[in-house]
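Below, chain A is the first sequence line, B the second, and so on; all start at residue 1. Computed from heavy atoms alone, side chains included, the values below leave out hydrogens, waters and symmetry copies.
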Protein chains: 2
Amino acid sequence: MRDNVGMRISARADYAVRAALQLASSGDGGPLKAEAIADAQDIPHKFLESILNDMRRGGLVVSQRGGNGGYRLAKPADAISIADVIRVVEGPLVSVRGVRPPELSYSGPAESLLPLWIALRSNVRQILEGVSLADVASSQLPAGVAALADAPKAWVNP
Amino acid sequence: MRDNVGMRISARADYAVRAALQLASSGDGGPLKAEAIADAQDIPHKFLESILNDMRRGGLVVSQRGGNGGYRLAKPADAISIADVIRVVEGPLVSVRGVRPPELSYSGPAESLLPLWIALRSNVRQILEGVSLADVASSQLPAGVAALADAPKAWVNP
DNA sequence: CTCTTTTCCTACAGACTTACTAGGAAAGGC
DNA sequence: GCCTTTCCTAGTAAGTCTGTAGGAAAAGAG
């Protein structure tokens with residue numbers, strides 16, 4: 001039985017964003033330990049560790065070992081977008097058959113498929129790059145996004 | 001090395017759309033054989049067969065066996081959207097951790113994540129449901145989509 | 001009825017991805 | 001030295017993705 005594809009947010013990406021939000025909302029009471037985040041957001045501890053590691057390598061968080069170490073955001077929460085987080089843990093936001101749209105080539109009646117994928121990607125970017133960790137953590141989504149989410153139609157499954 | 005997730009259009013979905021476009025553009029010179037489509041679009045023949053089968057079960061195409069059989073669209077090309085095609089071969093357009101957004105529950109600073117995913121999904125739908133096979137086959141994308149695709153920024157990788 | 005064509009169905013296989021878990025080494029503070 | 005917490009390598013069970021193989025069932029032509 002085939003299931004869900006299309007815009008798939010994996011567990012890894014979902015966890016990454018939630019962890020980042022937890023860090024964003026911790027204001028500045030020192031760094032947060034992986035385990036504290038794991039408990040707060042109900043994420044498997046060791047799995048989260050590897051995600052936080054990706055985020056550190058990607059320059060999104062900084063870490064401190066030992067006694068009262070932990071993680072904190074490397075930049076202000078309003079300077080990190082959801083797209084930043086997803087890209088750091090999973091690579092490109094949009095891909096077709098494993099490659100990014102500009103590398104594709106279509107022929108015949110499928111020629112205009114490329115512009116379509118490009119438009120789609122641009123649209124997804126617009127949303128995910130336009131929303132910061134601070135926006136979500138404070139429940140203040142940008143007007144355009146909030147408008148989309150408020151339409152009742154948006155909540156019903158097709 | 002982790003790679004591409006996010007909005008992933010699988011080979012299966014890409015092939016399905018291209019096959020449907022080929023059918024759309026064949027006007028009405030009788031049904032098209034699977035092999036003819038496979039050749040025209042450079043899709044593995046047997047793989048395409050199973051995709052066309054999904055599309056038949058989903059009511060998108062009708063088939064005819066024997067002598068000069070083949071496939072044709074079950075509805076006019078301007079009554080089938082790209083979203084229809086993708087959904088028939090891959091299920092829901094957008095999912096988070098394998099489930100559809102409305103089934104999720106977030107807590108703490110992640111509470112506003114749900115509206116964000118909903119907004120994202122609504123946006124993706126708007127595009128993919130708003131473009132028909134006829135639009136793509138005739139290279140006449142709807143104004144809003146064409147505008148997105150025409151922005152030079154949309155074509156550069158981040 | 002037989003032959004050819006083409007769809008339809010089932011089964012499988014190899015490579016890859018996903019979501020984890022285990023165990024310990026390295027660093028930092030007391 | 002000791003305790004904590006990050007950091008690193010490895011592995012694994014289950015699933016998905018992209019196909020292939022082989023044949024049975026239908027439709028029409030002769």
- Task: Could you tell me whether the phosphate oxygens of D/dT6, OP1 or OP2, come under 4.0 Å of any side-chain nitrogen or oxygen in A/Arg72?
- Result: no

- Task: Could you please spell out the steps behind the side chain to side chain contact (heavy atoms under 4.5 Å, CB included) verdict for B/Glu90 and B/Arg12?
- Result: CA-CA 8 Å; B/Glu90 316 207 310; B/Arg12 192 174 184 83; 4.1 Å; yes

- Task: Taking only the side-chain nitrogens and oxygens of B/Arg56, find out if one of them lies under 4.0 Å from OP1 or OP2 of C/dC9.
- Result: yes

- Task: Could you state the atom-to-atom distance from CG of A/Leu48 to P of D/dC7 in whole Å?
- Result: 12 Å

- Message: With a cut-off of less than 4.0 Å, is there a side-chain N or O of B/Gln64 near OP1 or OP2 of D/dA26?
- Response: no

- Closest to the A/Pro44 side chain: C/dA19, C/dT7, C/dC20? C/dC20

- Task: Check every strand shown and say whether A/Arg57 touches a base, only sugar-phosphate, or nothing at a heavy-atom separation below 4.0 Å.
- Result: sugar-phosphate

- Query: Is any side-chain N of the basic residue among B/Glu103 and B/Arg97 closer than 4.0 Å to the acidic one's carboxylate O?
  - Reply: no

- Item | Atom-pair distance (CG on B/Asn53; P on D/dA24), nearest Å | 18 Å

- Rounded to the nearest angstrom, tell me the gap between atom CG in A/Leu32 and atom P in D/dT5. 12 Å

- Task: Decide yes or no on side chain to side chain donor-acceptor pair (under 3.5 Å) for B/Ser81 and B/Asp84, but give the supporting numbers first.
- Result: CA-CA 5 Å; B/Ser81 71; B/Asp84 290 334; 3.2 Å; yes

- Item | From D/dG23, C/dT18, D/dC17, nucleotide with atom closest to B/Lys46 side chain | D/dG23

- Item | Atom-to-atom span, CD of B/Glu49 to C1' of D/dG23 - whole angstrom | 12 Å

- Note on the structure: Whole-Å distance, B/Leu52 CG to C/dT6 C1', equals 12 Å

- Query: Do the side-chain N or O atoms of B/Tyr71 get closer than 4.0 angstrom to the phosphate oxygens (OP1, OP2) of C/dT6?
  - Reply: no

- Residue mapping more 5' on DNA chain C - nearest nucleotide basis, B/Glu35 or A/Ala13: B/Glu35

- Apply side chain to side chain contact (heavy atoms under 4.5 Å, CB included) to the pair B/Arg18 and A/Tyr106, showing each step before the final yes or no. CA-CA 9 Å; B/Arg18 281 157 60 191; A/Tyr106 290 115; 3.4 Å; yes

- Query: To the nearest angstrom, how far is A/Arg12 atom CZ from C/dA19 atom P?
  - Reply: 9 Å

- 5' priority, DNA chain C, between B/His45 and A/Gly66 [closest heavy atom]: B/His45

- OP1, OP2 of D/dT18 versus side-chain N and O of B/Tyr15: anything below 4.0 Å? no

- Query: Whole Å only: how far is the CG atom of A/Asp42 from the P atom of C/dC20?
  - Reply: 10 Å

- Message: What I want to check is whether an N or O donor and acceptor connect the side chain of B/Arg65 with the base of C/dT6 at under 3.5 Å.
- Response: no

- How many Å lie between NZ on A/Lys33 and P on D/dC3, as a whole number? 16 Å

- Message: Count I, L, V, M, F, W, Y as connected when their side-chain heavy atoms are under 4.5 Å apart, and connections chain through other members. Are A/Ile80 and A/Val62 then in the same cluster?
- Response: no

- Task: Give a yes/no answer on whether the side chain of B/Ser63 brings an N or O atom under 4.0 Å of OP1 or OP2 in C/dC8.
- Result: yes

